[in-house]
Asks: 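Structure below; questions to follow.
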Amino acid sequence: MNYTREQLIDALVAEWEYLCHDDFDPEHDDTPEEYRLKLECYSDEDLIAETDTDDEFFTLKEYMDRYL
């Protein structure tokens with residue numbers, strides 16, 4: 001399944017918001033907007049790598065279904 005660059009970034013930011021929701025530390029954590037700006041500099045391959053998915057345990061489709 002193919003995803004657009006924007007979809008990958010949106011999903012990664014959604015995951016970031018989920019992970020930082022209760023434990024956000026402004027001294028160490030990027031805001032969602034800051035994280036999005038960083039991601040926009042990544043290559044498509046780097047964006048996929050940032051999802052930390054694989055073909056066996058947690059696929060990119062499962063990741064995108066969860067966070068997009």
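We're numbering straight along the sequence, starting at 1. This structure is a prediction, so every number in the text was calculated from the model and none was measured.
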Asks: Do Leu37 and Leu47 belong to the same hydrophobic cluster, where Ile, Leu, Val, Met, Phe, Trp and Tyr are linked whenever their side-chain heavy atoms lie under 4.5 Å apart, directly or via other members?
Replies: no
Asks: With rounding to the nearest 0.5 angstrom, report the CG to CG distance, Asn2 to Leu8.
Replies: 10.0 Å
Asks: Salt bridge (charged side-chain N to carboxylate O under 4.0 Å, His left out) for Glu50 and Lys38? Distances and angles first, verdict last.
Replies: CA-CA 12 Å; Glu50 189 74 12; Lys38 283 184 182 180; over 6 Å; no
Asks: Tell me whether Asp52 at atom CG has more than 12 heavy atoms from other residues, nucleotides or ligands lying less than 6.0 Å away.
Replies: no
Asks: To the closest 0.5 Å, what do you measure between OH (Tyr3) and CG (Asp44)?
Replies: 14.5 Å
Asks: Do you know the tightest heavy-atom contact between Asp29 and Glu34?
Replies: O-OE1, 4.3 Å
Asks: If you define the side chain from C-beta out and look only at heavy atoms, does anything of Thr59 sit under 4.5 Å from Met64?
Replies: no
Asks: Within the structure provided, determine whether Ile9 and Leu39 are in side-chain contact (heavy-atom separation under 4.5 Å).
Replies: yes
Asks: Looking at side-chain heavy atoms only, is the closest gap between Arg66 and Phe58 below 4.5 Å?
Replies: yes
Asks: When you measure from the side chain of Gln7 to the backbone N and O of Thr4, does any donor-acceptor pair fall under 3.5 Å?
Replies: yes
Asks: Count the heavy atoms of every other residue, nucleotide or ligand shown that sit under 6.0 Å from CG of Asp54, and state whether that count exceeds 12.
Replies: yes
Asks: For residues 12-23, tabulate all N or O donor-acceptor pairs below 3.5 Å that involve a side-chain atom, not counting sequence neighbours.
Replies:
unit_1: Glu15; atom_1: OE1; unit_2: Tyr63; atom_2: OH; d: 2.7
unit_1: Trp16; atom_1: NE1; unit_2: Asp30; atom_2: O; d: 2.9

